[in-house]
Amino acid sequence: MSVRTRRLFIPLAVMLCLGAGCFHGTPPVVSPASVVVPAPGGIGFAQYTAPLPSGTQPYFEDRAAALGIQLTMGHHGKTPLTVLEVMGPGCAVCDLDGDGHADILIVGQTGTTPGGRCALYRNNGDGTFKDVTAGSGLEVPGMYMGVAIADIDNDGKPDILLTGYGVVKLFRNLGNCKFQDITRESGLEAKSSTAWATSAAFADVDRDGLVDLYIGRYIVFNDKTIQFCDYGIKASCGPIFYDPQLGSLYKNLGHGKFKDISREWGLDAKGKCLGVAFADIDNDGWPDLYLANDEMPGDLFMNQKGKKFRNTGTEAGVALSGSGQMQGAMGLDFGDYDRDGKMDLFITTYEFEPKSLYHNTGGGMFGIVSAQTGIGPPTTPFVGFGAKFIDVQNRGWLDIALVNGHIHDNQEKIDKLGHFKQPLQLFMNEDGKTFTDRTREAGPGFTEPAVGRGLAIGDLNDDGLEDIVMTDVEGPVRVLINRSQAHGNWLRIAVEGTKSNRMGIGAKVTVTAGGQKWIKEVTTGGSYLSASDPRVHFGLGSLTAVDRIDVQWPSGRQSVVLNPHIPGDLKIREPQ
């Protein structure tokens, strides 16, 4: 979230005040605020409102209500909303009860008073879901925003971490959709009642067989900080008016306990973090870490063989935007969009900032390719949050889905052409060279405006096509079922570690077929405040056979599977 375009108009006195730290520490409560920021020009999305030609089947259909998921977020007309009230919620897609079907967890704030709840929906395996929140152990109240998922104790059951304002909760999975709050003994208690934890992700950073954890934190916001800015009317302020909070890296000590090792591992993060993701950037077998920071340079921490991290964001070319400026980075995801064997990086940003696609050129270096790949111009008008690489039609190329939504609930009054609710967007990959905006073809589930935040992916109905779950600050959760009629072959792989962590997070899976290769890493992280299905999904286009699958485990061991049957699911267990 950014106010870059508005800052160009801020009076010199205000700019000097910002540089001197006039709004740092404990600035006075302002209602309305004394900071005056003129509004920019409007944005529109008329290109997405035209109906599809008669008889055209959209790629996705919002089936939330029909599937039994009827959760609606909202503030019941309260206005204006503070920055705290508009930044969540997140969601997760994962098989939490071990029955082979992906369940859905929604995390968020509801109503106009502090507090929130989770909603856990169990996949019945017949295309419907059941709300099993009551009695699950997840009823513990809190101003939740984000979720991360991993098997922290290697018992074969995915555990849940919830983040939010003044709250971090860790729940051990007891089986059968029952969870136990183990936060107090875990060492992950929130640092203070106003600690603002955002996105989080798991990875085994020292490859000892236990998944470690990074929790991002955002800004210092409380009843003594500035509440609203004046854009002609009061509205939420951007991050430049607040001090940063710093995230933490936690080492998994076993038995549900964690230790903060940020300082000893050299994590000199910039702060104001909204997005967190791990990936092996340089193919050395060690998980690296990227932090998407809001109006701060991005942090790329390269893993120094399990002993510490080194921040290479600036030299690697991913700290700033393509124009060399700080950007309002929110969501992110790693994926090999051009199939050259290296993990590329996509970041969502604020309005008037092209969303950033960084191509991994090798050796831990990146080049920004938003403009030449066609991502830049169509994404510039919108405020982006959750995003994931996804192969919509199993063509064998990673597409990009992202959700948008402004941070001013009264944006239409600030800017007559502006919108609080904005469409989702879908960009289809053209053979790893460019992307084409296919939002209209994605259907009303994409073009119908929302205040989008979280986004998670996974095959919810086991038909071999990846589906999408999206959260809306001011509306119903969307469950976008993939209805693509023309689609290719596919293979989905679940891994199980033995010496490596049980869920196999960080394992690198390579599929070879027809003289081509696809590489993916096992993860639940990425996007914004959300967690996705850890099973790795490979679209294979017109291919009818797979030659081999190679798995490089975090432990260093290797697995090879020859000539697996496709389409279908396959489970690979790490060799003893």
Exercise for the section: Answer yes or no on whether Lys130 is positioned over the face of Tyr121, meaning its NZ or CZ is under 6.0 Å from the six-membered ring centre and within 45° of the axis. Expected result: no
Practice task
Decide, yes or no, whether a salt bridge links Arg535 with Glu466 under the criterion of side-chain N to carboxylate O below 4.0 Å.
Solution key: no
Handout entry: Carboxylate-amine/guanidinium proximity below 4.0 Å for Asp333 and Lys388
Key = yes
Exercise for the section: May I ask you to check whether His537 and Asp391 show a side-chain donor-acceptor distance below 3.5 Å? Expected result: no
Problem - Gly464 backbone acceptor or donor facing Asp459 side chain under 3.5 Å - result: yes
Exercise for the section: Please test Val509 against Trp518 for side-chain contact (heavy atoms from CB on, under 4.5 Å), starting from the C-alpha separation and ending with a verdict. Expected result: CA-CA 8 Å; Val509 183; Trp518 292 261; over 6 Å; no
Handout entry: Check: Cys94 and Asp103 side chains under 4.5 Å, non-hydrogen atoms
Key = no
Problem - Asp95 versus His101, side-chain donor and acceptor atoms under 3.5 Å - result: no
Practice task
Taking all heavy atoms of Val451 and all of Asp472, pick out the closest pair and write down the distance.
Solution key: N-OD1, 3.0 Å
Handout entry: Modelled atom types, side-chain donor and acceptor of Tyr48 and Asp437, under 3.5 Å
Key = yes
Practice task
Would you check if the distance from the ring center of Phe60 to the ring center of Phe446 is below 6.0 Å?
Solution key: yes
Practice task
With the side chain counted from C-beta on, respond yes when Cys118 and Leu105 share a heavy-atom pair under 4.5 Å apart, and no when they do not.
Solution key: yes
Exercise for the section: Using a strict 4.0 Å threshold on nitrogen-to-oxygen distance, state whether Asp151 and Lys157 make a salt bridge. Expected result: no
Practice task
Indicate yes or no: at least one non-hydrogen side-chain atom of Leu491 is less than 4.5 angstrom from one of Ile549.
Solution key: yes
Practice task
Classify the angle between the aromatic ring planes of Tyr337 and Phe435 as parallel (below 30°), tilted (30 to 60°) or perpendicular (above 60°).
Solution key: tilted
Handout entry: Donor-acceptor pair, side chain of Asn404 and main chain of Gln422, under 3.5 angstrom
Key = no
Exercise for the section: Please confirm whether Arg453 makes a cation-pi placement over Phe385, using NZ or CZ under 6.0 Å from the six-membered ring centre and within 45° of the ring normal. Expected result: yes
Practice task
Quick one: do Phe179 and Leu120 satisfy side-chain contact (heavy atoms from CB on, under 4.5 Å)? Show the steps, please.
Solution key: CA-CA 11 Å; Phe179 296 85; Leu120 176 59; 3.9 Å; yes
